[in-house]
Colleague: 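Handing you this structure, nothing more for now.
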Amino acid sequence: MAVGNAPLPTLHPVPGLRLGTVAAGIRKAGEPDLVVIALDEGSRVAGVFTRNQFRAAPVRFAEAHLRDDAPRALMINTGNANAGTGPDGDRAVERNCAQLASILDCRPTQVIPYSTGVIGEPLPAERIDAALPAVVDALSENGWAAAADGIRTTDTRAKGRSCRLELEAGPVTLTGIAKGSGMIRPDMATMLAYVATDADIDQPLLRGLLRDAVAVSFNRISVDGDTSTNDACALIATGASGIQLSAQADIRCFADALEALCIDLAREIVADGEGATRELAVQVTGARSVAEAEQVAFTVAESPLVKTALFAGDPNWGRILAAVGRAGIEDLEVDRVRIHINGCPIVEAGGVSPDYRESIAAERMAADRVTFRIDLDRGRQAVTVWTCDFSYDYVRINAEYRS
């Protein structure tokens, strides 16, 4: 189940990068579950990773390899997180990185590993090793759609976005894919995301662009408030276009496009949240700081009572009001707070708005995409957080996850 019908759009090839996808039988036979992204020499990669203290083996190795060497390949498996696996998990990562490096004629530290799936089960490294020659044979500049499908776990659909930019220095391409459906919460989520460009971007700027884009996209979504052990997002710059990102106007144009692409991918994740039937945007305005706005927005977005009311299409605005009130904002003047549901006035002056109409509010709450606008009227900062409802299917999917 997912919100809306979102077929995968055209994903433009990124020169300097090829993708291959195969079924390695990591957890289920016949399903694509192993992806390799091969990079031309000279490519640069920036990454951000989960802050969960039980970080999976591939996360630790990916960070170390990005720090110590020049990446030539990203290796992604689904069906098994290789998290909570101790020294055996480390040995599995080392084995698979070494095998892919031998095929691609590069160093093992130039392979960046990623995993997603069930936590606590041994990674079948031998199956991955056996499938790596086939996935390398499948490498293609046009492999984005297959890779978007190959990184899915409980996702009901593949997620990708792409655009071409006309910078002052010349044209460049920006293409990205992502997966995620449950255990979604900032810092980061049970998500993987890979965005690539053929622009030539130096490493410090690449890291800054990724950090800023993630802050307003993947770190502004929540399905269930749970953060996984394997979350990662990578920004790849192959430089194959020869277009150097250096002029301030070009940097700003690229940054805006990257943020828009990442927001689209992030919203696709919550729209495809486990069991989701409605997407919710929580817009908090009039805050004294971004942190304060986020605090209120996430408190509302992650309230089980709000999320179940959303599933029912029930404009139970008391639940929204209660969530705002328990968000921990010091000196909040509740009589100044105003709340709207898809433009319908709900709350003002500490109580129900005189313009509130239950029938209109119920109609707005039953839409596929709902927006709560919460004005704190105490500052100038604003934030939007995206989430989805809690349905019966969310419980079923997670109760049966290891079955």
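The shown structure was predicted, so the numbers you read here are calculated from the model rather than taken from an experiment.
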Colleague: Quickly, which of V14, I243, L11 forms a side chain to side chain contact (heavy atoms under 4.5 Å, CB included) with T173? Name it, please.
Modeller: V14
Colleague: For the pair E279 (side chain) and D272 (backbone), establish whether a donor and an acceptor sit closer than 3.5 Å, ignoring hydrogens and angles.
Modeller: no
Colleague: Name the one of D393, D368, D389 that satisfies side-chain hydrogen bond (donor to acceptor under 3.5 Å, both in side chains) with T277?
Modeller: D389
Colleague: Indicate whether the side chain of N82 and that of T85 have a donor and an acceptor atom separated by less than 3.5 Å.
Modeller: yes
Colleague: Does E31 come within less than 4.0 Å of R152, counting only side-chain N to carboxylate O?
Modeller: no
Colleague: Considering only distance and modelled atom types, tabulate donor-acceptor pairs under 3.5 Å from the side chains of residues 248-260, sequence neighbours left out.
Modeller:
| unit_1 | atom_1 | unit_2 | atom_2 | d |
| --- | --- | --- | --- | --- |
| D250 | OD1 | E168 | N | 2.7 |
| D250 | OD2 | A169 | N | 3.1 |
| R252 | NE | D256 | OD1 | 3.0 |
| R252 | NH2 | D256 | OD1 | 2.8 |

Colleague: Report the distance from atom CD1 of I329 to atom CZ of R288, rounding to the nearest 0.5 Å.
Modeller: 9.5 Å
Colleague: With distance as the sole test, does T109 use its side chain to make a donor-acceptor pair with the main-chain N or O of D69 at under 3.5 Å?
Modeller: no
Colleague: Less than 4.5 Å apart, side chain to side chain, heavy atoms only: is that true for L280 and T371?
Modeller: no
Colleague: Taking the side chain as every heavy atom from C-beta outward, state whether Y114 and F61 have any pair of such atoms under 4.5 Å apart.
Modeller: no
Colleague: Roughly how far, to the nearest 0.5 Å, is the CG atom of N316 from the CG atom of L305?
Modeller: 8.5 Å
Colleague: Among residues at least two apart in sequence or on other chains, which ones pass side-chain contact (heavy atoms from CB on, under 4.5 Å) with Y392?
Modeller: F311
Colleague: Given the rule in the side-chain contact (heavy atoms from CB on, under 4.5 Å) test, do L123 and N96 qualify, once you have shown the distances and angles that lead to the verdict?
Modeller: CA-CA 10 Å; L123 182 72; N96 293 149; 3.7 Å; yes
Colleague: Do F372 and Q283 touch side chain to side chain, with heavy atoms closer than 4.5 Å?
Modeller: no
Colleague: For a quick test of reading the model, state the closest non-hydrogen atom pair linking R364 to G343 and the distance between them.
Modeller: NH1-C, 3.8 Å
Colleague: Check whether the side chains of S115 and N77 place a donor and an acceptor atom closer than 3.5 Å, and report yes or no.
Modeller: yes
Colleague: Strictly distance-based, threshold 3.5 Å: is any side-chain N or O of S43 a donor or acceptor partner for the main-chain N or O of L39?
Modeller: no
Colleague: Taking the side chain as every heavy atom from C-beta outward, state whether L310 and V370 have any pair of such atoms under 4.5 Å apart.
Modeller: yes
Colleague: Any Lys/Arg nitrogen of D264 or R267 sitting under 4.0 Å from an Asp/Glu carboxylate oxygen of the other?
Modeller: no
Colleague: Look up atom OG in S246 and atom CG in L205, then write down how far apart they are to the nearest 0.5 Å.
Modeller: 9.5 Å
Colleague: Look at the side chain of R207 and the backbone N and O of A46, then say whether any donor-acceptor pair between them is shorter than 3.5 Å.
Modeller: no
Colleague: So, do E41 and R72 sit near enough that their side-chain heavy atoms are less than 4.5 Å apart?
Modeller: yes
Colleague: Please say which of I374, D377, T285, V347 ends up in a side chain to side chain contact (heavy atoms under 4.5 Å, CB included) with R338.
Modeller: D377
Colleague: Provide the closest heavy-atom pair for C97 versus P108 in the form atom of the first, atom of the second, distance.
Modeller: CB-O, 3.9 Å
Colleague: Check whether K28 reaches the backbone of I26 with its side chain - one donor and one acceptor, N or O, closer than 3.5 Å.
Modeller: no
Colleague: Does a salt bridge link D33 with R27, judged by any charged N lying under 4.0 Å from a carboxylate O?
Modeller: no
Colleague: Is there a donor-acceptor pair closer than 3.5 Å between any side-chain N or O of D155 and the backbone N or O of K179?
Modeller: no
Colleague: G275 and S391: which non-hydrogen atoms are nearest, and at how many Å?
Modeller: O-OG, 2.5 Å
Colleague: Salt bridge check, K307 against E302: does any charged N sit closer than 4.0 Å to a carboxylate O?
Modeller: no
Colleague: Would you call P315 and Y356 a side-chain contact if the rule is heavy atoms closer than 4.5 Å?
Modeller: yes
Colleague: Are the side chain of Q110 and the backbone N or O of R107 linked by a donor-acceptor pair below 3.5 Å?
Modeller: yes
Colleague: Regarding R95 and D129, does a basic nitrogen lie under 4.0 Å from an acidic carboxylate oxygen?
Modeller: yes
Colleague: Would you name the heavy atoms of T78 and G150 that are closest together and state the gap between them?
Modeller: CG2-O, 3.3 Å
Colleague: Under 3.5 Å, side chain of T299 to main-chain N/O of Q295, donor-acceptor pair present?
Modeller: yes
Colleague: Calculate, to the nearest 0.5 Å, the distance between atoms CZ and CG belonging to R161 and L174 respectively.
Modeller: 12.5 Å
Colleague: Would you name the heavy atoms of P171 and S241 that are closest together and state the gap between them?
Modeller: O-CB, 4.2 Å
Colleague: List the steps, then state whether side-chain contact (heavy atoms from CB on, under 4.5 Å) holds for I320 with I341.
Modeller: CA-CA 10 Å; I320 308 171; I341 297 177; 4.0 Å; yes
Colleague: Work out which heavy atom in A38 is nearest to a heavy atom in L139; give both atom names and the distance.
Modeller: CB-CD1, 3.8 Å
Colleague: Using a strict threshold of under 4.0 Å (side-chain N to carboxylate O), is an ion pair present between R336 and E348?
Modeller: no
Colleague: For the CG atom on D105, are there more than 12 heavy atoms of other groups (residues, nucleotides or ligands in this structure) within a distance under 6.0 Å?
Modeller: no
Colleague: Counting N and O atoms only, with roles assigned by atom type, does the side chain of H65 sit under 3.5 Å from a partner on the main chain of V111, one being a donor and the other an acceptor?
Modeller: yes
Colleague: Given T384 and V282, is the side-chain contact (heavy atoms from CB on, under 4.5 Å) satisfied, shown in steps?
Modeller: CA-CA 6 Å; T384 299; V282 182; over 6 Å; no
Colleague: Main chain of T387, side chain of S222: is a donor-acceptor contact present, judged purely on distance under 3.5 Å?
Modeller: no
Colleague: OG1 of T50 to CE of M191: how many Å apart, nearest 0.5 Å?
Modeller: 10.0 Å
Colleague: May I ask you to decide whether D200 forms a salt bridge with R44, counting only side-chain N to carboxylate O separations under 4.0 Å?
Modeller: yes
Colleague: Considering only heavy atoms from C-beta outward, does the side chain of V385 approach that of I221 to under 4.5 Å?
Modeller: no
Colleague: Using a 4.5 Å cut-off on heavy atoms from C-beta on, say whether the side chain of D314 contacts that of R319.
Modeller: no
Colleague: Do you see a donor-acceptor pair shorter than 3.5 Å between the side chains of T238 and D198?
Modeller: no
Colleague: Tell me, with the steps shown, if R278 and M365 meet side-chain contact (heavy atoms from CB on, under 4.5 Å).
Modeller: CA-CA 9 Å; R278 293 189 173 88; M365 193 75 160; over 6 Å; no
